[in-house]
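Take a look at the structure below.
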Amino acid sequence: ESNFPLFYLFRRHIKDGGGAGKFVGGSGAEAALALHDAPEGRIKVIAFGVAGLRNSGQGIFGGYPAAPSLLALLEDTKVQNFIETRTYPKNLAELGGQRRLLPYCEFDLRADGVLYIRSASGGGYGDPLERDPMLVAEDFRNGLISKETVEEIYGVILDENRVVPN
């Protein structure tokens, strides 16, 4: 951020990014970047065309595949509203605008645009139903998996007082 005219709106682990399994794959990371003080009000970017399932962890021995890498450009967003109010979006939907996945290409990132980057995650190892329910609950508390994944893939019911294998 100190060397380039970009700043992070967010940079975090991908929720439900790691392949489900008895042993979970790495969750990967996602980031959203916007312009900051670009001299011409835009910068030229080269997308390296990483989108697709070929580049993600596939999962083995019953483990699920992971989230793939992708690059997306959001144009005509509300990013300036977030900047002016000194708030940040919790997700891409809050930014609005039009989204397009980027192949290998060259494009301009403008003041109303956001570049979204998601790096590939690791595939799971083994059947998700064999994962220790306490580890599933910990993954949920750490924000790595959603409640839907907890229940539908791992077969665990979260209760305020206890964790119950389904």
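Just so it is clear, the structure is predicted and the values come from calculations on it, not from any experiment. Residues take their numbers from the sequence shown, with the count starting at 1.
The number of heavy-atom neighbours closer than 6.0 Å to CZ of Phe10, taken from other residues, nucleotides and ligands shown, is above 12. With a 6.0 Å radius and a threshold of 12 heavy atoms from other residues, nucleotides or ligands, Lys44 has its NZ atom above the threshold.
Asn91 places a side-chain N or O within donor-acceptor distance of the main-chain N or O of Glu94, the cut-off being under 3.5 Å. Of the possible polar contacts, none joining the Ser69 side chain to the Ser119 backbone as a donor-acceptor pair under 3.5 Å is found. In this structure, the side chain of Arg131 engages the main chain of Lys22 through a donor-acceptor pair within 3.5 Å. The closest donor-acceptor contact from the side chain of Thr85 to the backbone of Asn81 lies under 3.5 Å. Side chain of Asp127 to main chain of Leu129: a donor-acceptor pair is present (N/O by atom type, distance under 3.5 Å, no hydrogens or angles). The closest donor-acceptor contact from the side chain of Gln80 to the backbone of Ala111 lies under 3.5 Å.
Under a hydrophobic-cluster definition in which Ile, Leu, Val, Met, Phe, Trp and Tyr are linked whenever side-chain heavy atoms come within less than 4.5 Å, directly or via other members, Tyr8 and Val45 are assigned to the same cluster. Under a hydrophobic clustering in which Ile, Leu, Val, Met, Phe, Trp and Tyr are joined whenever their side-chain heavy atoms come within less than 4.5 Å, directly or via other members, Val114 and Ile83 fall into the same cluster. Connection of Tyr125 to Leu144 is not established within any shared hydrophobic cluster, with ILVMFWY side chains joined at heavy-atom distances below 4.5 Å, either directly or through further cluster members. Residues Leu135 and Val24 do not share a hydrophobic cluster, defined by chaining ILVMFWY side chains whose heavy atoms lie under 4.5 Å apart. Ile117 and Ile43 fall within the same hydrophobic cluster, where Ile, Leu, Val, Met, Phe, Trp and Tyr residues are linked whenever their side-chain heavy atoms come under 4.5 Å apart, directly or through other members.
In plain terms, the two heavy atoms of Ala47 and Pro103 that are nearest each other are CB-O, 3.5 Å. Listed here is the closest heavy atom pair of Leu35 and Arg110: CD1-C, 3.4 Å. Taking all atoms of both residues into account, the shortest heavy-atom contact from Ala38 to Pro5 is CA-CB, 3.7 Å. Between Tyr88 and Leu9, the shortest heavy-atom contact is CB-O, 3.9 Å. Between Ser121 and Gly17, the shortest heavy-atom distance links the atoms CB-O, 3.1 Å.
Residue Arg100 holds its CZ atom at 5.5 Å from CG of Leu102, rounded to the nearest 0.5 Å. Between the CG atom of Asp139 and the OG atom of Ser27 there is a distance of 9.5 Å, given to the nearest 0.5 Å. To the nearest 0.5 angstrom, Glu152 atom CD is 7.5 Å from Ser146 atom OG. Note that CG of Leu109 and CG of Leu6 are 6.5 Å apart. Values are rounded to the nearest 0.5 Å.
Side-chain atoms of Pro128 and Tyr64, non-hydrogen and from C-beta on, do get closer than 4.5 Å to each other. Inter-residue side-chain proximity for Glu138 and Val136 is flagged as unmet; no heavy-atom pair is nearer than 4.5 Å. Put simply, the side chain of Leu70 reaches to within 4.5 Å of the side chain of Tyr116, judged on heavy atoms. The shortest side-chain heavy-atom distance between Arg99 and Glu75 does not fall under the 4.5 Å cut-off. Taking 4.5 Å as the limit, every side-chain heavy atom of Phe140 sits out of range of all side-chain heavy atoms of Thr149.
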Q | Check against side-chain contact (heavy atoms from CB on, under 4.5 Å), Glu148 and Ile153 | A | CA-CA 8 Å; Glu148 294 77 25; Ile153 295 177; over 6 Å; no
Q: Report the C-alpha separation of Leu71 and Leu101 in whole Å, then their side-chain angles, then the decisive distance to 0.1 Å, and conclude whether the side-chain contact (heavy atoms from CB on, under 4.5 Å) test is met.
A: CA-CA 6 Å; Leu71 292 171; Leu101 292 178; over 6 Å; no
**Q.** Leu115/Phe107 under side-chain contact (heavy atoms from CB on, under 4.5 Å): CA gap, chis, key distance, verdict
**A.** CA-CA 11 Å; Leu115 179 61; Phe107 65 94; 3.9 Å; yes
Q. Is there a side-chain contact (heavy atoms from CB on, under 4.5 Å) between Ile157 and Val150 once you walk through the steps?
A. CA-CA 7 Å; Ile157 304 300; Val150 168; over 6 Å; no
Q.
Before you tell me yes or no, could you show the steps for Thr77 and Asp112 under side chain to side chain donor-acceptor pair (under 3.5 Å), namely the whole-Å CA-CA distance, both residues' side-chain angles and the distance that decides it to 0.1 Å?
A. CA-CA 5 Å; Thr77 70; Asp112 67 348; over 6 Å; no
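By the 30° and 60° cut-offs, the orientation of the rings of Phe7 relative to His36 is perpendicular.
For the side-chain hydrogen bond (donor to acceptor under 3.5 Å, both in side chains) with Glu30, the qualifying choice from Arg118, Arg12, Arg11 is Arg12, the only one to do so.
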